[in-house]
Asker: 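Have a look at the structure that comes next, please.
Basis for what follows: all heavy atoms, side chains included, without hydrogens, waters or symmetry-related copies.
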Amino acid sequence: MQTVEFKARSGRVLTVAVAVLCGIGLATAALDDPAAALRYAPALVLPAALVWLLLGRPAVVVSDGGVDLRNVVRTVHLPWTAIERVDTKYALTLETAYGTYAAWAAPAPGRASTLGAGPQDLAHLPESTYIGGGARPGDLITSASGQAAAHVRRRWEELHEAGHLDDPRLERGRPQVTWHLLPAATVLGLAALAVIAPRL
(Lines give C-alpha, C1' and ligand atoms only; values in the text may rest on other atoms or scores of the structure.)
Protein backbone atom coordinates (compact mmCIF):
# COMPACT_ATOMS: atom_id res chain seq x y z
CA MET A 1 0.00 0.00 0.00
CA GLN A 2 1.11 3.53 -0.73
CA THR A 3 2.28 5.76 2.11
CA VAL A 4 0.10 8.88 2.29
CA GLU A 5 0.85 12.08 4.20
CA PHE A 6 -1.89 14.44 5.31
CA LYS A 7 -1.41 18.07 6.31
CA ALA A 8 -4.01 20.74 6.93
CA ARG A 9 -4.29 22.81 3.73
CA SER A 10 -4.74 25.99 5.77
CA GLY A 11 -1.45 25.26 7.55
CA ARG A 12 0.43 24.85 4.26
CA VAL A 13 -1.04 28.03 2.80
CA LEU A 14 -0.32 30.07 5.92
CA THR A 15 3.25 28.74 6.12
CA VAL A 16 3.98 29.78 2.54
CA ALA A 17 2.28 33.16 2.95
CA VAL A 18 4.19 34.05 6.12
CA ALA A 19 7.48 32.85 4.61
CA VAL A 20 6.94 35.07 1.55
CA LEU A 21 6.11 38.10 3.73
CA CYS A 22 9.17 37.49 5.90
CA GLY A 23 11.34 37.13 2.80
CA ILE A 24 10.03 40.41 1.39
CA GLY A 25 10.65 42.13 4.71
CA LEU A 26 14.20 40.79 4.91
CA ALA A 27 14.98 41.75 1.31
CA THR A 28 13.59 45.27 1.81
CA ALA A 29 15.58 45.74 4.99
CA ALA A 30 18.76 44.50 3.28
CA LEU A 31 18.33 47.02 0.45
CA ASP A 32 17.79 49.92 2.87
CA ASP A 33 20.46 49.09 5.45
CA PRO A 34 22.37 45.79 5.18
CA ALA A 35 23.87 46.12 8.67
CA ALA A 36 20.49 46.72 10.30
CA ALA A 37 18.97 43.89 8.25
CA LEU A 38 21.57 41.52 9.66
CA ARG A 39 20.73 42.54 13.21
CA TYR A 40 17.00 42.19 12.65
CA ALA A 41 17.18 39.05 10.50
CA PRO A 42 16.33 36.66 13.37
CA ALA A 43 13.20 38.70 14.21
CA LEU A 44 12.18 38.72 10.54
CA VAL A 45 12.73 34.98 10.11
CA LEU A 46 11.14 33.98 13.44
CA PRO A 47 7.45 34.27 12.37
CA ALA A 48 8.02 31.99 9.36
CA ALA A 49 9.87 29.42 11.48
CA LEU A 50 7.19 29.50 14.17
CA VAL A 51 4.32 29.05 11.71
CA TRP A 52 6.21 26.20 10.01
CA LEU A 53 6.78 24.48 13.37
CA LEU A 54 3.16 24.82 14.50
CA LEU A 55 1.24 24.49 11.23
CA GLY A 56 3.48 23.50 8.32
CA ARG A 57 5.47 20.61 9.72
CA PRO A 58 2.86 18.50 11.61
CA ALA A 59 1.33 15.68 9.57
CA VAL A 60 -0.55 12.40 9.67
CA VAL A 61 1.34 9.66 7.81
CA VAL A 62 -0.55 6.48 6.91
CA SER A 63 1.50 3.48 5.82
CA ASP A 64 1.56 -0.32 5.86
CA GLY A 65 3.02 -0.26 9.37
CA GLY A 66 0.36 1.96 10.91
CA VAL A 67 -0.30 5.64 11.48
CA ASP A 68 2.32 8.21 12.45
CA LEU A 69 1.01 11.33 14.20
CA ARG A 70 3.73 13.94 13.67
CA ASN A 71 2.86 16.70 16.09
CA VAL A 72 4.84 19.79 17.10
CA VAL A 73 7.61 18.18 19.15
CA ARG A 74 7.07 14.44 18.77
CA THR A 75 5.90 11.71 16.40
CA VAL A 76 3.86 8.82 17.79
CA HIS A 77 3.83 5.63 15.73
CA LEU A 78 0.62 3.64 16.20
CA PRO A 79 0.58 0.18 14.57
CA TRP A 80 -2.68 -1.04 13.03
CA THR A 81 -2.92 -3.76 15.67
CA ALA A 82 -3.15 -1.10 18.39
CA ILE A 83 -5.90 1.04 16.81
CA GLU A 84 -9.37 0.43 18.26
CA ARG A 85 -11.41 3.47 17.19
CA VAL A 86 -11.08 6.60 15.06
CA ASP A 87 -12.77 9.80 16.25
CA THR A 88 -12.95 13.35 14.87
CA LYS A 89 -14.74 15.37 17.56
CA TYR A 90 -12.01 17.99 17.99
CA ALA A 91 -9.33 16.57 15.69
CA LEU A 92 -8.41 13.23 14.18
CA THR A 93 -8.06 11.14 17.34
CA LEU A 94 -6.99 7.52 17.51
CA GLU A 95 -8.15 5.47 20.46
CA THR A 96 -5.67 2.66 20.86
CA ALA A 97 -4.57 -0.09 23.21
CA TYR A 98 -1.89 2.37 24.38
CA GLY A 99 -4.25 5.27 25.04
CA THR A 100 -5.77 8.12 23.07
CA TYR A 101 -3.70 10.25 20.67
CA ALA A 102 -4.76 13.33 18.70
CA ALA A 103 -3.31 14.67 15.47
CA TRP A 104 -2.23 18.32 15.59
CA ALA A 105 -2.22 18.35 11.76
CA ALA A 106 -5.86 17.28 11.34
CA PRO A 107 -8.16 19.56 13.35
CA ALA A 108 -11.93 19.31 13.03
CA PRO A 109 -13.53 22.15 11.06
CA GLY A 110 -14.94 25.21 12.80
CA ARG A 111 -18.61 26.09 12.79
CA ALA A 112 -18.20 28.50 9.87
CA SER A 113 -16.60 25.78 7.73
CA THR A 114 -19.46 23.36 8.32
CA LEU A 115 -22.26 25.77 7.35
CA GLY A 116 -21.77 25.24 3.62
CA ALA A 117 -21.47 21.45 3.90
CA GLY A 118 -24.11 19.25 2.33
CA PRO A 119 -25.11 15.57 2.61
CA GLN A 120 -22.69 14.72 -0.20
CA ASP A 121 -19.79 15.70 2.08
CA LEU A 122 -20.72 12.89 4.48
CA ALA A 123 -21.64 10.31 1.84
CA HIS A 124 -19.61 7.28 0.70
CA LEU A 125 -17.37 7.33 3.78
CA PRO A 126 -15.97 4.13 5.33
CA GLU A 127 -18.58 2.14 7.26
CA SER A 128 -16.92 2.68 10.64
CA THR A 129 -17.57 6.43 10.24
CA TYR A 130 -21.27 5.92 10.98
CA ILE A 131 -20.90 3.69 14.04
CA GLY A 132 -22.04 5.15 17.36
CA GLY A 133 -24.66 7.68 16.35
CA GLY A 134 -23.58 8.85 12.93
CA ALA A 135 -20.94 11.05 11.42
CA ARG A 136 -19.56 14.19 13.06
CA PRO A 137 -18.75 17.54 11.42
CA GLY A 138 -15.12 16.45 11.79
CA ASP A 139 -15.85 13.61 9.35
CA LEU A 140 -16.64 16.02 6.50
CA ILE A 141 -14.45 14.93 3.61
CA THR A 142 -13.66 18.58 2.88
CA SER A 143 -11.96 19.00 6.28
CA ALA A 144 -8.44 18.05 7.35
CA SER A 145 -9.75 15.70 10.04
CA GLY A 146 -12.28 14.14 7.68
CA GLN A 147 -9.80 13.43 4.89
CA ALA A 148 -7.26 11.86 7.23
CA ALA A 149 -9.92 9.91 9.16
CA ALA A 150 -11.49 8.52 5.99
CA HIS A 151 -8.14 7.23 4.76
CA VAL A 152 -7.21 5.72 8.14
CA ARG A 153 -10.63 4.06 8.49
CA ARG A 154 -10.54 2.70 4.96
CA ARG A 155 -7.11 1.10 5.43
CA TRP A 156 -8.12 -0.16 8.90
CA GLU A 157 -11.31 -1.76 7.52
CA GLU A 158 -9.38 -3.39 4.64
CA LEU A 159 -6.99 -4.98 7.13
CA HIS A 160 -9.93 -6.19 9.24
CA GLU A 161 -11.69 -7.68 6.21
CA ALA A 162 -8.50 -9.42 5.15
CA GLY A 163 -8.24 -11.01 8.60
CA HIS A 164 -4.96 -9.34 9.54
CA LEU A 165 -6.42 -7.84 12.72
CA ASP A 166 -8.44 -10.86 13.92
CA ASP A 167 -5.94 -11.60 16.69
CA PRO A 168 -4.10 -8.29 17.23
CA ARG A 169 -0.87 -8.56 19.19
CA LEU A 170 1.28 -5.66 20.23
CA GLU A 171 5.01 -5.94 19.73
CA ARG A 172 5.68 -3.19 22.30
CA GLY A 173 4.27 -2.31 25.67
CA ARG A 174 4.01 1.35 24.65
CA PRO A 175 3.96 3.20 21.33
CA GLN A 176 7.16 4.19 19.60
CA VAL A 177 7.79 7.91 20.14
CA THR A 178 10.33 10.07 18.31
CA TRP A 179 11.08 13.47 19.80
CA HIS A 180 11.84 16.40 17.51
CA LEU A 181 13.79 18.74 19.74
CA LEU A 182 15.93 20.34 17.01
CA PRO A 183 13.08 22.21 15.24
CA ALA A 184 11.74 23.52 18.57
CA ALA A 185 15.25 24.46 19.72
CA THR A 186 15.84 26.28 16.43
CA VAL A 187 12.73 28.40 16.92
CA LEU A 188 13.68 29.14 20.52
CA GLY A 189 17.18 30.07 19.38
CA LEU A 190 15.75 32.47 16.78
CA ALA A 191 13.54 34.01 19.46
CA ALA A 192 16.56 34.56 21.70
CA LEU A 193 18.56 36.06 18.82
CA ALA A 194 15.61 38.30 17.92
CA VAL A 195 15.89 39.84 21.38
CA ILE A 196 19.69 39.98 21.60
CA ALA A 197 20.79 40.83 18.03
CA PRO A 198 19.29 44.37 17.77
CA ARG A 199 21.25 45.38 20.90
CA LEU A 200 24.62 44.33 19.50
Asker: Out of curiosity, F6 CZ to Q147 CD, how far, rounded to the nearest 0.5 Å?
Answerer: 7.0 Å
Asker: Residues two or more places apart in sequence or in another chain: which of them pass salt bridge (Lys or Arg N to Asp or Glu O under 4.0 Å) with D32?
Answerer: none
Asker: I'd like to know if the side chain of Y40 reaches the main chain of L26, judged simply by a donor and an acceptor atom lying under 3.5 Å from each other, with no hydrogens or angles considered.
Answerer: no
Asker: Kindly check if the number of other-residue, nucleotide or ligand heavy atoms within 6.0 Å of CZ (R174) is above 12?
Answerer: no
Asker: Report the C-alpha distance between V76 and N71 in whole Å, list the side-chain angles of each, state the deciding distance to 0.1 Å, and finish with yes or no for side-chain contact (heavy atoms from CB on, under 4.5 Å).
Answerer: CA-CA 8 Å; V76 180; N71 292 337; 5.7 Å; no
Asker: Charged N to carboxylate O under 4.0 angstrom, D139 versus R153?
Answerer: yes
Asker: If you take all heavy atoms of T15 and L55, which pair is closest and at what distance?
Answerer: OG1-C, 4.1 Å
Asker: Indicate the atoms forming the closest heavy-atom contact of P126 with R154, along with that distance.
Answerer: CD-NH2, 3.5 Å
Asker: Might you work through the side-chain contact (heavy atoms from CB on, under 4.5 Å) test for T93 and V86, ending with a clear yes or no?
Answerer: CA-CA 6 Å; T93 303; V86 181; over 6 Å; no
Asker: To the nearest 0.5 Å, tell me how far E84 CD sits from T96 OG1.
Answerer: 6.5 Å
Asker: Check whether any side-chain N or O of D33 sits under 3.5 Å from a backbone N or O of A35 as a donor-acceptor pair, and report yes or no.
Answerer: yes
Asker: What closest approach, in Å, do I83 and W156 show between heavy atoms, and which atom pair accounts for it?
Answerer: O-NE1, 3.3 Å
Asker: Determine, stepwise, if the pair L193 / V195 fulfils side-chain contact (heavy atoms from CB on, under 4.5 Å).
Answerer: CA-CA 5 Å; L193 285 173; V195 174; over 6 Å; no
Asker: Quick check for you: to the nearest 0.5 Å, what is the distance between L50 atom CG and L190 atom CG?
Answerer: 10.0 Å
Asker: Could you report the tightest heavy-atom contact between S145 and G138, atom names first, then the distance?
Answerer: OG-O, 2.6 Å
Asker: Would a distance-only check, ignoring hydrogens and angles, find a side-chain to backbone donor-acceptor pair under 3.5 Å from W104 to L54?
Answerer: yes
Asker: Within a strict 4.5 Å, meaning less than it, do heavy atoms of the R70 and P58 side chains meet?
Answerer: no
Asker: With no hydrogens and no angle check, just 3.5 Å: does a side-chain donor-acceptor pair link H180 and R57?
Answerer: yes
Asker: For the pair K7 and E5, evaluate side-chain contact (heavy atoms from CB on, under 4.5 Å) and give the outcome as yes or no after the intermediate values.
Answerer: CA-CA 7 Å; K7 291 184 177 183; E5 181 177 281; 3.3 Å; yes
